[in-house]
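Structure first, then comments.
Numbers for residues simply follow the sequence, beginning at 1. Remember, predicted model here, so these are calculated numbers, not experimental data.
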Amino acid sequence: MSSAPPLSSPPSPSAGPRPALRRSLGVVDGVAIAASSTAATTSIAIGMGTIATIVGLQAPALLLLAFLPVLGIATAYARLNRSEPNCGNGYVWVGKSLGPWPGFLTGWVTLVGSIIFCAYTSAIMGSVVLILANKAGLHSLAGIALDPASTGVSTAVGLVLLLALTALALTGMRATTRFQFALLVFEYTVLLGFCGWALVTGDHAFSLSWFNPFEIPDGTAFAQGMVLAVFFFWGWDAAFSVTEETKSPGDSARGGLIALFAMLGLFLFASVAFQREMSLAELVKNGPQALPYLGQKLAAEPWATLPLVALMCSAFASVQATLIPTARGLLAMGRDRTMGPLWTRIHPRYGTPAAGTVVVMSIAAVIALLAVAIPKLSDMLLAAVNASGLIVALYYGLTALACAVRFRSALREGAREALLAVGVPAVAGLVLLGLGGYLGYSYLTMSDHFELSPDNGWFMFSLPAGIILLGLGMAAVAKYVRHSPYFTTGRGTDAEALTLPMDRAAI
């Protein structure tokens with residue numbers, strides 16, 4: 001019987017050491033990456049108004065409920081990372097435990113969701129910069145109206161900023177995390193200050209009904225609100241994407257969990273503060289501009305501009321923090337030849353997957369330009385958020401189930417270990433997959449025709465469905481064209497093995 005081809009081959013002695021990822025990060029760096037990727041200020045700014053349109057004033061209830069399965073999934077990530085630290089995380093873990101097809105799909109939807117996030121957050125960056133330009137008295141440039149509500153102009157400005165942030169991400173993780181930490185300190189100071197102000201001075205009486213999910217009108221609104229609330233927390237797992245650049249794998253888990261609990265506190269604090277200061281009608285009307293509106297309502301200039309600057313800082317940090325795990329996920333897939341060798345190239349000076357980061361940025365830029373077909377920025381944001389929410393529910397759910405399957409032997413090790421290793425991850429995964437499935441069914445049945453609008457169910461369903469179908473097609477290419485060993489073994493390449501046999505396809 002012939003042996004299977006090796007997953008990697010060592011470099012020849014004459015070739016010298018290959019460039020590799022550098023282990024230089026600690027817990028604080030993991031917190032900075034996870035918190036930046038979660039982008040609490042951006043989520044609060046664009047999400048509070050959006051969630052109000054779905055569930056009214058029950059945002060605090062949904063945020064608390066959504067945290068429970070997310071926490072269960074976070075514990076699954078921590079346990080899997082201790083067992084097998086790999087920058088491919090869910091892609092590697094699901095592939096080994098549930099099979100290569102769901103494993104590849106987990107990696108694929110994670111990457112596509114992140115790229116979509118970069119694309120539409122670029123438009124947010126551009127919009128915020130244009131608002132600041134308008135405040136400074138600049139309303140047109142070279143005959144072009146600098147309209148913050150214009151998807152086209154906002155996207156153009158955002159892409160310039162995306163290019164600059166990508167350049168910084170290439171120069172090394174330490175410089176990147178220091179930049180993100182500085183942005184986080186500023187934006188959280190502003191966010192806590194204004195939300196604290198609103199909490200104290202708001203005219204609308206606090207109500208315990210805000211924490212009662214049974215006041216949500218119907219199941220579809222509940223499912224859509226829950227998926228959106230889960231999306232609020234999306235990003236904490238970015239800490240696990242740099243596990244191969246972290247001094248200890250445990251630091252990745254600590255960084256992600258610290259960021260996750262911090263996000264819960266910020267989201268609850270902000271949701272109550274917004275509802276103390278603004279009526280439901282105000283929240284719905286202002287939508288993704290709710291945070292700047294809060295600043296204008298509470299303070300005079302120039303202080304009223306501070307929430308807008310904080311939103312800009314959050315968008316900067318989140319886009320850059322999203323580029324980081326995306327490029328590293330593709331690095332893991334490139335090592336397995338499920339994607340091409342381009343993604344495995346490590347910069348010899350900076351120790352980062354520079355080529356992959358640039359290509360990710362380029363793909364995000366193309367998607368952002370395509371999204372200009374939706375004329376209103378708010379429509380574009382709502383469509384992307386809802387589509388990304390379903391994607392997040394899918395890959396979080398599969399990863400949690402992979403944890404339950406991998407550690408099923410814990411069922412014989414006592415009630416506590418069985419609950420933590422199998423029960424909690426399984427329930428959390430099934431909850432998210434069930435919510436995603438219910439919401440997808442709701443989208444299919446809410447419309448009788450297709451229309452390019454976030455109010456059209458067929459359109460909303462077509463976005464994640466198209467991503468999944470494309471992922472299955474890419475998996476077939478990896479198995480039958482690239483002949484990836486991942487589809488033979490279901491195992492990801494060892495984290496230290498970066499040298500690969502050359503493949504015919506570059507990407």
Side-chain angles (χ1 to χ4, degrees), residues 27-52 55 57-75 77-78 180-202 204 206-213 225-226 228-239 252-278 283 290-291 294-295 298 306-307 310-311 313-315 317-318 321 392 396 428:
V27 175
V28 174
D29 300 300
V31 171
I33 293 170
S36 296
S37 184
T38 306
T41 306
T42 302
S43 296
I44 290 166
I46 72 173
M48 289 304 175
T50 302
I51 204 169
V55 298
L57 297 177
Q58 270 57 59
L62 279 186
L63 289 166
L64 265 177
L65 284 176
F67 177 76
L68 297 177
V70 171
L71 179 60
I73 287 159
T75 61
Y77 266 75
Q180 290 172 350
F181 190 78
L183 294 177
L184 286 172
V185 169
F186 173 78
E187 65 183 81
Y188 289 172
T189 300
V190 173
L191 184 65
L192 290 172
F194 274 83
C195 287
W197 188 351
L199 197 65
V200 172
T201 64
H204 302 276
F206 173 82
S207 174
L208 286 176
S209 67
W210 297 347
F211 292 88
N212 182 7
M226 274 290 286
L228 182 57
V230 168
F231 181 74
F232 268 61
F233 292 100
W234 180 38
W236 55 268
D237 51 309
S252 300
R254 283 187 284 272
L257 288 169
I258 290 171
L260 184 58
F261 277 97
M263 296 306 103
L264 174 65
L266 283 171
F267 291 149
L268 290 177
F269 184 70
S271 63
V272 172
F274 271 50
Q275 293 178 188
R276 281 272 291 141
E277 184 63 38
M278 287 182 266
L283 279 169
L291 183 60
L294 180 69
L298 290 177
L306 284 177
L311 175 57
C313 291
S314 178
S318 63
V392 171
Y396 276 173

Self-check item: Pairwise distance CZ(Phe269) to CG(Leu191) - rounded to 0.5 angstrom
Solution: 8.0 Å

Exercise. For residues Gly225 and Val55, report the shortest heavy-atom separation together with the two atoms involved.
Key: CA-CG1, 4.2 Å

Self-check item: Contacts of type side chain to side chain donor-acceptor pair (under 3.5 Å), residue Thr42, not counting sequence neighbours
Solution: Ser314

Quiz item: For the atom pair OG (Ser318) and CG (Leu184), what is the distance rounded to the nearest 0.5 Å?
Solution: 10.0 Å

Quiz prompt | Where Ser271 and Leu268 come nearest, the two heavy atoms and their spacing | solution = OG-O, 3.0 Å

Quiz item: What residues, two or more places apart in sequence or in another chain, satisfy salt bridge (Lys or Arg N to Asp or Glu O under 4.0 Å) together with Glu187?
Solution: none

Practice problem: List in chain and number order the residues that pass ring-ring contact (aromatic ring centres under 6.0 Å, His included) with Phe194, two or more places apart in sequence or in another chain; answer none if no residue qualifies. | Solution: Trp197

Exercise. Can you establish whether the number of heavy atoms outside Phe181 located under 6.0 Å from its atom CZ is more than 12?
Key: no

Quiz item: Residues two or more places apart in sequence or in another chain: which of them pass salt bridge (Lys or Arg N to Asp or Glu O under 4.0 Å) with Arg276?
Solution: none

Side-chain polar contacts of residues 57-74 - donor-acceptor pairs under 3.5 angstrom, sequence neighbours left out - could you list them?
from  : atom 1 : to     : atom 2 : distance (Å)
Gln58 : NE2    : Ser209 : O      : 2.7

Exercise. Could you check whether the rings of Phe206 and Trp210 sit parallel, tilted or perpendicular, using 30° and 60° as the cut-offs?
Key: perpendicular

Practice problem: Kindly determine whether Phe233 and Val392 satisfy side chain to side chain contact (heavy atoms under 4.5 Å, CB included), including the steps that lead there. | Solution: CA-CA 10 Å; Phe233 292 100; Val392 171; over 6 Å; no

Exercise. Output the distance between atom CG (Leu294) and atom CE (Met278), rounded to the nearest 0.5 Å.
Key: 4.5 Å

Self-check item: Candidate pair Trp234 and Ser37, rule side chain to side chain contact (heavy atoms under 4.5 Å, CB included), full reasoning
Solution: CA-CA 8 Å; Trp234 180 38; Ser37 184; over 6 Å; no

Practice problem: Give, for atom CD1 of Ile51 and atom CG of Leu283, the distance between the pair rounded to the nearest 0.5 Å. | Solution: 11.0 Å

Quiz item: Between Ser43 and Phe267, which heavy-atom pair has the shortest distance, and what is it?
Solution: CB-CE2, 3.9 Å

What donor-acceptor contacts under 3.5 angstrom involve side-chain atoms of residues 253-264, with partners at least two apart or in another chain?
from   : atom 1 : to     : atom 2 : distance (Å)
Arg254 : NH2    : Asp251 : OD1    : 2.7

Exercise. Examine distances only and state if a side-chain atom of Ser36 and a backbone atom of Ile33 form a donor-acceptor pair shorter than 3.5 Å.
Key: no

Quiz item: If you round to the nearest 0.5 Å, how far is OG1 of Thr50 from CZ of Phe232?
Solution: 7.5 Å

Self-check item: Distance (rounded to the nearest 0.5 Å) between Leu291 CG and Cys195 SG
Solution: 7.0 Å

